[in-house]
Number of protein chains: 2
Amino acid sequence: MTAQPGRRRDAAATRAALLDAAAALFAERGFDRTTVRDIAGQAEVNQALLFRYFGSKEALFEAVVARNGREHLATTPPERLFSASLRGMLAPEGPRNRTLETYLRSSGSDGVGATLRQEIGEEYARVLATLTDAPDAGLRADLALAWLMGIALVREVTGKEPLASADPEHVSELVLTAVRTLLERSE
Amino acid sequence: MTAQPGRRRDAAATRAALLDAAAALFAERGFDRTTVRDIAGQAEVNQALLFRYFGSKEALFEAVVARNGREHLATTPPERLFSASLRGMLAPEGPRNRTLETYLRSSGSDGVGATLRQEIGEEYARVLATLTDAPDAGLRADLALAWLMGIALVREVTGKEPLASADPEHVSELVLTAVRTLLERSE
DNA sequence: TCCGGTTGTAAGCAGCTGCTTACAAAACTA
DNA sequence: TAGTTTTGTAAGCAGCTGCTTACAACCGGA
């Protein structure tokens with residue numbers, strides 16, 4: 001049907017298609033509930049190639065998180081990191097930040113990319129911790145990060161109203177006001 | 001070994017053992033990563049009985065959440081609900097509140113007890129919303145609930161330091177201060 | 001033109017999953 | 001005691017999972 005015997009031969013494109021498909025599916029369903037057949041299917045690629053190019057499902061997951069997780073962390077000034085992450089998460093469309101979504105939807109999985117997840121969490125928290133002079137800056141940063149994760153969880157996973165369809169600006173205002181009691185230089 | 005041919009015959013005890021085992025395992029691993037064989041094994045019960053007494057794994061899950069989810073909601077005065085949930089979650093041992101843990105560890109699963117989860121979220125939020133006179137009380141309550149979930153997520157699932165082993169009183173103080181900008185009558 | 005490596009394909013394996021069935025032992029009822 | 005119902009057991013099925021293998025088609029360089 002779709003593919004002639006021996007479709008367009010392009011290893012790089014195949015790899016990229018797998019990465020894209022995996023990123024979308026892991027964000028939607030989490031690690032456990034995404035099968036390698038799903039990923040290969042969405043990428044329109046034979047599933048054996050997934051193993052040729054990435055070795056295992058777990059390694060693919062790590063490649064996805066590594067690719068998507070760090071970019072906007074590296075390109076956002078500290079004072080705006082919290083509000084940018086929050087708004088990026090609340091935005092109804094466009095380049096949503098699906099890293100947090102992927103992270104939490106896969107949070108049932110124990111060893112899977114645990115190290116990587118922890119690293120990304122560390123990086124976020126380290127940046128946020130620069131926004132206060134309090135001696136417990138690290139803890140404050142963790143609490144702020146936890147709130148982001150919680151909001152993502154309740155919105156995306158549970159779909160709880162009124163949060164799920166609340167005005168992003170309104171939510172940001174409430175959250176940022178409260179967070180400023182933790183991180184005085186935020187926003 | 002353990003069971004003579006035809007062990008102690010007691011349907012109620014068997015049901016209860018299954019419920020207890022399921023509650024513990026769902027909280028630890030979430031719905032997907034807990035198998036019916038695990039549950040039956042921990043309950044020291046033949047796995048076929050799980051289906052006799054509950055019909056399906058999903059129905060068992062709903063029974064667990066229904067049993068554990070509502071009690072401390074019903075027995076805690078509104079002003080203390082947030083701080084009690086927070087402290088119950090942070091407590092190193094004793095009767096921890098595993099409802100939130102169960103909730104979030106299973107949050108990858110789509111249809112599974114989704115209705116029930118939503119109901120419990122609604123009940124929590126409805127109570128919390130009574131703690132402010134602001135017109136957006138519902139949204140404020142959702143955000144507070146989201147924070148609880150996020151803290152549970154980062155602590156229990158990710159194990160992120162310094163949050164994971166921070167002093168419960170210290171954490172409570174920071175969080176409650178910030179939450180009071182949302183719900184003025186909390187605590 | 002042939003040849004070696006690369007890319008893609010089809011089929012299948014072993015293990016686990018939720019769930020069912022056929023049956024035996026115990027308990028209750030008469 | 002005899003018959004019925006309840007409780008527990010052992011075995012297995014059909015489907016899905018991650019992953020592997022054997023092989024065909026394609027490509028660039030000699």
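Just the heavy atoms: all of them, side chains too, but no hydrogens, waters or symmetry mates, feed the values below. Labels below follow one simple rule: chain letters A, B, ... track the order of the sequence lines, proteins then strands, and each chain is numbered from 1.
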Gap between atoms CG and C1', on B:L49 and C:dC23 respectively (whole Å): 14 Å
- prompt: Whole-Å distance between C:dA22 C1' and B:R52 CZ?
  reply: 12 Å
task: Check whether any side-chain N or O of A:R155 sits under 3.5 Å from a backbone N or O of B:A146 as a donor-acceptor pair, and report yes or no.
output: no
query: With a cut-off of 6.0 Å (strictly less than), are more than 12 heavy atoms of other residues, nucleotides or ligands near CD of B:E173?
result: no
- request: Scan A:F54 against the nucleic acid and name what it touches under 4.0 Å (heavy atoms): base, sugar-phosphate only, or nothing.
  value: nothing
statement: Hits for side-chain hydrogen bond (donor to acceptor under 3.5 Å, both in side chains) against A:R80, two or more places apart or cross-chain, chain-then-number order -> none
message: Please verify the inter-ring angle class for A:F26 with A:F31; under 30° counts as parallel, over 60° as perpendicular, anything in between as tilted.
response: parallel
- request: Starting at the 5' end of nucleotides 10-20 of chain D, put B wherever the base has a protein heavy atom under 4.0 Å, S where only the sugar-phosphate does, and a dash everywhere else.
  value: BBB----BBBB
query: In chain order, what residues pass the side-chain hydrogen bond (donor to acceptor under 3.5 Å, both in side chains) check against B:S165, with sequence neighbours excluded?
result: B:E161
- request: Round to a whole Å and report the spacing from CD of A:E44 to C1' of C:dT9.
  value: 15 Å
message: Can you tell whether the side chains of A:D38 and A:R33 come within less than 4.0 Å, N to carboxylate O?
response: no
- line: Here the distance between atom C1' of C:dG8 and atom CZ of A:R15, to the nearest Å, is 16 Å
